[in-house]
Amino acid sequence: MLHKQRGLGLIQVAIIMASLAAIAMAFLMSARHERNFFAEGLGKLTGKAPPAASASASAALAVPAAPAGVLRKCVIDGKTVLSDVDCKDGKVVKAIDTRGIEAPKVPKPDPADSAPQSATDKMIEKATR
């Protein structure tokens, strides 16, 4: 007597795993772009704006934006940290734009070498060539 196996088949498991992987990829993409695709999709379905989006928009309008590129030197737990976020006793640090590694500069020629040589020096140099 043959009995049929109960439960999920291999194809059904593959479809379920593929859909779970697609949901996980959408979550990771939304986290990367600092958006919540799931709340946005729900908002489109219900016709309402997601609550997080409206709260962040009103918070962005209320707080003035800090100037871009300002670094602050803060001491946190005894460690010196450079950050772009305000801290209690943070000092503004001026960033210096570097141009990478520069080629070593050629030293200036010695003025003694450029002076006219005596006859003896000329003869010694000619003999050593």
Side-chain angles (χ1 to χ4, degrees):
M1 285 189 199
L2 295 174
H3 294 290
K4 232 180 173 183
Q5 184 179 5
R6 295 182 188 198
L8 297 174
L10 184 60
I11 295 174
Q12 294 164 333
V13 170
I15 292 171
I16 292 170
M17 288 296 123
S19 59
L20 283 176
I23 292 170
M25 286 174 48
F27 172 74
L28 290 175
M29 286 178 58
S30 67
R32 178 179 181 205
H33 295 290
E34 296 180 1
R35 292 174 55 188
N36 189 346
F37 292 147
F38 299 108
E40 290 176 8
L42 181 63
K44 285 182 182 179
L45 288 176
T46 59
K48 297 179 183 177
S54 62
S56 66
S58 63
L61 293 176
V63 178
V70 175
L71 286 177
R72 291 170 184 84
K73 186 176 182 181
C74 307
V75 177
I76 300 174
D77 295 331
K79 294 182 181 179
T80 303
V81 178
L82 291 176
S83 175
D84 61 348
V85 180
D86 287 332
C87 55
K88 289 187 221 172
D89 55 346
K91 298 176 184 174
V92 175
V93 178
K94 183 179 177 184
I96 299 172
D97 185 26
T98 62
R99 291 175 176 56
I101 300 173
E102 294 181 11
K105 296 180 181 177
V106 178
K108 293 181 181 178
D110 192 17
D113 291 340
S114 62
Q117 295 179 342
S118 65
T120 311
D121 291 335
K122 288 181 184 178
M123 290 175 36
I124 292 173
E125 188 174 327
K126 193 175 187 180
T128 57
R129 283 191 205 171

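Values in this document were obtained by computation on a predicted structure and should not be read as measured data.
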Q: Other members of the hydrophobic cluster containing Phe38, with the 4.5 Å side-chain heavy-atom rule, please.
A: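 ILVMFWY cluster around Phe38 also holds Ile23, Phe27, Leu28.
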Q: When clusters are formed by joining ILVMFWY residues with side-chain heavy atoms under 4.5 Å apart, either directly or through shared neighbours, do Val81 and Val85 land in the same one?
A: no
Q: Between Arg129, Met123, Lys122, which is the residue that forms a side chain to side chain contact (heavy atoms under 4.5 Å, CB included) with Glu125?
A: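 So, applying the side chain to side chain contact (heavy atoms under 4.5 Å, CB included) to Glu125 and each of Arg129, Met123, Lys122, only Arg129 qualifies.
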Q: Once you round to the nearest 0.5 Å, how far does CG of Asp86 lie from CZ of Arg72?
A: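 Nearest 0.5 Å value for the CG-CZ distance: 4.0 Å.
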Q: With clusters defined by side-chain heavy atoms of hydrophobic residues (ILVMFWY) lying less than 4.5 Å apart, directly or transitively, does Met17 cluster with Met25?
A: no
Q: Would you mind checking if Glu40 and Lys44 are paired as a salt bridge, meaning a charged N to carboxylate O distance below 4.0 Å?
A: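 A salt bridge is absent here (no side-chain N lies under 4.0 Å from a carboxylate O).
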